[in-house]
**Q** 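Starting off with a structure, shown below.
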Amino acid sequence: MLLRLPTSLTEARECLAEGAVPIGGATLVWATWQRDGFPQLAMSLRELPEANVLDRETVGGAVLLHRIDGRVPDVLRLAAATIGTGAVRRTATVGGNIVGSTLRCLLPAALVLDARATVLETDGVREADLAEVVAKRPVLIGLRWRTPAASAYRKLPGEAGGAPPLVVASALHAGQGAPDRVRVAVRDGYEVLGGTASGDAGADGTLDALRRTALGELPAAAWDVVRPQVVGLLESRGTD
């Protein structure tokens with residue numbers, strides 16, 4: 001297997017056009033390759049500057065999970081900190097988790113941040129929403145968002161060999177002249193459900209509105225986690 005390490009978007013695009021298979025830390029594909037055979041040409045974005053950005057409103061697709069720190073919102077920092085072991089987090093990447101994983105532990109956090117993705121295709125770089133990223137699995141250059149007023153994340157304990165543990169992510173976005181918005185995303189099994197509601201109707205009103213979204217399909221156990229998160233976000237404003 002020949003591994004290419006492009007240092008510019010133009011070079012990365014050329015690699016993709018040549019049929020290079022994108023990899024990050026290869027934590028999710030190595031065992032498959034050992035079983036089924038290695039690709040002839042692979043490409044890593046670890047030397048691409050645009051894929052390694054990390055600041056308060058941007059994270060690159062090649063950023064290793066252990067690098068995600070207090071510069072980003074709490075919801076994303078906490079999500080990254082709960083993925084795998086320390087050894088996994090020192091190898092796995094943002095892009096690998098969102099695009100290459102079936103668990104996508106970072107996806108609920110990205111959804112509540114209302115993040116937009118920058119993706120690479122053979123005809124260039126463009127912006128995409130997260131639904132498209134999950135469905136089409138393009139090469140993820142990075143994510144961008146606007147910093148929320150507050151955010152929260154919780155992953156419940158899981159059983160070894162059992163179903164994926166429940167994940168609840170939430171964020172409060174200041175309205176800036178419009179009503180505040182509360183965004184919630186929940187991974188229940190392998191499915192991720194999300195909903196948005198005004199945060200200006202008090203805790204009960206906000207929760208009732210969220211129940212009228214796709215989140216209403218969640219079991220009671222999930223709402224036992226959603227409820228205190230939403231209440232906590234609203235209380236963080238000092239007005240509830």
Side-chain angles (χ1 to χ4, degrees), residues 56-59 68 72-80 82 94 97-99 101 103-119 127-136 140 142-156 164-240:
R56 64 191 298 267
E57 294 190 335
T58 309
V59 65
I68 298 177
V72 303
D74 287 346
V75 65
L76 187 59
R77 174 182 60 81
L78 294 170
T82 65
V94 170
N97 184 267
I98 292 181
V99 178
S101 171
L103 295 177
R104 299 188 177 96
C105 295
L106 293 181
L107 181 59
L111 285 170
V112 300
L113 290 175
D114 201 15
R116 297 286 295 176
T118 301
V119 300
E127 190 176 88
D129 62 31
L130 291 172
E132 181 181 355
V133 169
V134 170
K136 296 184 178 180
L140 180 66
L143 299 174
R144 292 182 178 273
W145 60 85
R146 295 184 64 178
T147 301
S151 61
Y153 182 90
R154 185 179 176 192
K155 177 191 283 187
L156 296 188
L166 183 79
V167 167
V168 178
S170 56
L172 172 67
H173 295 266
Q176 298 179 339
D180 290 351
R181 291 178 300 123
V182 173
R183 294 178 63 88
V184 177
V186 178
R187 188 189 71 192
D188 182 26
Y190 291 96
E191 186 176 12
V192 177
L193 302 175
T196 303
S198 168
D200 289 355
D204 289 343
T206 300
L207 288 164
D208 286 344
L210 288 170
R211 286 185 180 277
R212 294 193 291 271
T213 70
L215 297 171
E217 303 173 17
L218 292 171
W223 279 98
D224 289 341
V225 182
V226 171
R227 188 178 300 105
Q229 272 198 22
V230 170
V231 171
L233 290 179
L234 295 177
E235 288 179 344
S236 71
R237 299 181 303 181
T239 58
D240 240 276

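If you're wondering where the values come from, they're calculated on a predicted model, not measured in any experiment.
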**Q** Please report the shortest heavy-atom distance between Ala222 and Leu166, naming the atom on each side.
**A** CA-CD2, 3.8 Å
**Q** Verify, without hydrogens or angle tests, whether Asp188 (side chain) and Glu191 (backbone) share a donor-acceptor contact under 3.5 angstrom.
**A** no
**Q** Check step by step if side-chain contact (heavy atoms from CB on, under 4.5 Å) holds for Gln229 and Val184.
**A** CA-CA 9 Å; Gln229 272 198 22; Val184 177; 5.9 Å; no
**Q** Does some side-chain heavy atom of Tyr153 sit less than 4.5 Å from a side-chain heavy atom of Cys105?
**A** yes
**Q** Rounded to the nearest 0.5 Å, how far does CD of Glu217 lie from CZ of Arg211?
**A** 13.0 Å
**Q** Can you name the one residue among Val75, Val192, Val186 that meets side-chain contact (heavy atoms from CB on, under 4.5 Å) with Leu111?
**A** Val192
**Q** For Val99 and Val133, run side-chain contact (heavy atoms from CB on, under 4.5 Å): C-alpha distance rounded to whole Å, both residues' side-chain angles, the deciding distance at 0.1 Å, then the answer.
**A** CA-CA 7 Å; Val99 178; Val133 169; 3.8 Å; yes
**Q** For Asp224 and Pro228, work out which heavy atoms get closest and say how close.
**A** O-CD, 3.1 Å
**Q** Roughly how far, to the nearest 0.5 Å, is CG of Leu113 from OG of Ser170?
**A** 10.0 Å
**Q** Short question: side chain of Arg104, backbone of Ile98 - any donor-acceptor pair under 3.5 Å?
**A** yes
**Q** For the CG atom of Asp180 and the CZ atom of Arg237, what is their distance to the nearest 0.5 Å?
**A** 5.0 Å
**Q** To the nearest 0.5 Å, what is the distance between NE2 (His173) and CZ (Arg181)?
**A** 5.5 Å
**Q** Check Leu172 against Ser236 and note the closest heavy-atom contact, atom names and distance.
**A** CD2-OG, 4.3 Å
**Q** Could you report the tightest heavy-atom contact between Ala79 and Ala109, atom names first, then the distance?
**A** CB-CB, 4.1 Å
**Q** Out of Leu106, Leu76, Leu130, which residue meets the side-chain contact (heavy atoms from CB on, under 4.5 Å) rule with Leu143?
**A** Leu130
**Q** Restricting to non-hydrogen atoms, name the atom on Ile68 and the atom on Ala80 that form the minimum distance, rounded to 0.1 Å.
**A** CD1-CB, 3.8 Å
**Q** So do Trp223 and Leu207 actually touch side chain to side chain, heavy atoms under 4.5 Å?
**A** yes
**Q** Working to the nearest 0.5 angstrom, can you tell me the gap between Leu210 CG and Leu218 CG?
**A** 10.5 Å
**Q** Working note: Val226 + Leu215, criterion side-chain contact (heavy atoms from CB on, under 4.5 Å); need CA distance, chi angles, decisive distance, verdict.
**A** CA-CA 10 Å; Val226 171; Leu215 297 171; 5.5 Å; no
**Q** So Arg154 and Val167, do their side chains get closer than 4.5 Å, heavy atoms only?
**A** no
**Q** For a side-chain contact (heavy atoms from CB on, under 4.5 Å) check, start with the C-alpha distance between Leu107 and Arg187, then their side-chain angles and the critical distance, and finish with the verdict.
**A** CA-CA 9 Å; Leu107 181 59; Arg187 188 189 71 192; over 6 Å; no
**Q** Do Asp74 and Arg77 sit within salt-bridge range, that is, some charged N less than 4.0 Å from a carboxylate O?
**A** yes
**Q** How long is the gap from CZ on Arg146 to CG on Asp114, to the nearest 0.5 Å?
**A** 10.0 Å
**Q** Gly189 and Pro164: which non-hydrogen atoms are nearest, and at how many Å?
**A** O-CB, 3.6 Å
